[in-house]
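Single-structure report; data block below.
Counting starts at 1 for both ligands and their atoms, following the listed order.
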Amino acid sequence: MNFQNTREFAQELDRQDELAKYREEFIFPQVNGKNVIYFTGNSLGLQSKAAKKYVEEVMQDWGNLAVEGHFYADKPWWDYQERFCQPLSEIVGAKPTEVGVMNTLTVNLHLLMVSFYQPSSKKFKIICEEKAFPSDQYMFQSQVAFHAKSIGFDPKEAIVEIKRREGEHNIRLEDVLSKIEEVGEELALVLIGGVNYYTGQVFDMKTITEAGHKVGAFVGWDLAHAAGNIELKLHDWNVDFAAWCSYKYMNSGPGNASGYFIHEKHHNDTTLSRFAGWWGHNKERRFLMEPNFDPARSADGWQISNLPVLTLAPYLASVHMFAAIGMPKLIKKRDLITSYLEFILHEIDAEIEGTEFEIITPSNPNERACQLSVYLHGQGRALFEYLMKNGVITDWREPNVIRLAPVPLYSSFEDMYEFGQILKKGILG
Ligand SMILES: *Cc1c(COP(=O)(O)O)cnc(C)c1O
């Protein structure tokens, strides 16, 4: 499409946008009496109007029914989490029995590593990406330290990072594959962010998963920036496990619950260790209070506690909205609006001397989703602060990078145009 950097053109794209109506379903913060231009849905998604309704429903049931709400609430609490399975399975490309919700993301990855990182002295290495999200790095370090002494391997050798090449911003697939081959038999686990949080790079999960399996490793994915943002086929890609937070693209509210995936081929495997709790017990027999753990033969078998229904309520509102729209429509708009934002950035850059906006996110549409990370050469933090004061909510990462995520559910094309104008004013003064 031949884009134009005009308000009329942006408005025309909004008129043609079949998802435009969903913008009304969200609550935007206001700056200077106007809706903000929200680019941080990759960090905390906006609140939907439905979220409050779902929470109020639970509050009312709690007041009216108290303990009886477990069985007699409109959406009974004892199996409230099961309502997620169908819609979530569609979002991540899984069978409903392969997904669930519980805990928070890093906690779930730790629990999944209990099952899928069982190192021996010969097979103990973990492959991850260089500069992984800090929580993942701390997780790897602490998991390795937890096992190293009793198994007898050197913790310093256990974590193998895939590096970017000199002068490049993104990791090459060929470098991931050759590293997997190089580590070979010693490789116990590959665990990478499906979409890199800093650059927005999307990894080829199918190919990497295959390569990991070829050397006998388990392969898992941290899908914090992927769930609700990209097309996933976790079952078909034969991924062993995955987890994601719900408060980024899935709009479930601050710090909210994590979704997880465990491939069905592992559901009956009793050799996998796991940390158990009563909510993972055979569902029909859960309330018999039996002494011995008999795990449910599905992803449910990894559940531990009864679930925080109040916090799941806004997440359920969100998965219902995603299910109603479907990922293909979201992805179609995502690609168009992200390309339009990229165009606007190039236009503004060309109009201003002495600056260079270097988009470090891959330009190949197969390797990116809705985030553009922009290196603002020649600009400082003052520009970021100017944007925030003028209603453009973005985030700043050292040394000089802003991350912009136009979220297809609630961002408009006119937002992109308007952002360009504010950006230009912020630089030219
Ligand atoms: C946001 C994010 C997290 C956050 O983890 P929590 O346990 O939810 O605090 C973890 N990993 C990645 C890659 C992220 O982007």
Polar atom proximity, S135 to ligand 1 (N or O, under 3.5 Å): no

Test of proximity, T104 against ligand 1: N or O pairs below 3.5 Å: no

Side chain, backbone, both or neither: D136 near ligand 1, heavy atoms under 4.0 Å: side chain

Is [X] salt-bridged to [Y], going by a charged N under 4.0 Å from an acidic O?
{"X": "E231", "Y": "R334", "value": "no"}
{"X": "K95", "Y": "E264", "value": "yes"}
{"X": "E57", "Y": "K53", "value": "no"}

Top protein contact for [atom], by heavy-atom distance:
{"atom": "atom 13 (C) of ligand 1", "result": "D222 OD2, 3.2 Å"}
{"atom": "atom 3 (C) of ligand 1", "result": "F133 CE2, 3.3 Å"}
{"atom": "atom 5 (O) of ligand 1", "result": "T106 OG1, 3.3 Å"}
{"atom": "atom 14 (C) of ligand 1", "result": "K248 NZ, 2.9 Å"}

NZ/K179: more than 12 non-hydrogen atoms of other groups inside 6.0 Å: no

Pair R381-E385, salt bridge (Lys or Arg N to Asp or Glu O under 4.0 Å): steps then yes or no: CA-CA 6 Å; R381 208 185 151 95; E385 275 152 21; 3.2 Å; yes

Heavy-atom proximity to atom 8 (O) of ligand 1, best of Y198, W244, Y197, Y247: Y247

Enumerated ligand 1 atoms positioned under 4.0 Å from heavy atoms of A224: 2 (C), 12 (C), 13 (C), 14 (C), 15 (O)

Atoms in ligand 1 with a heavy atom of H225 nearer than 4.0 Å: 15 (O)

pair L272-D269: side-chain heavy atoms closer than 4.5 Å: yes

The single option from Y54, W244, F84 passing ring-ring contact (aromatic ring centres under 6.0 Å, His included) against Y315: F84

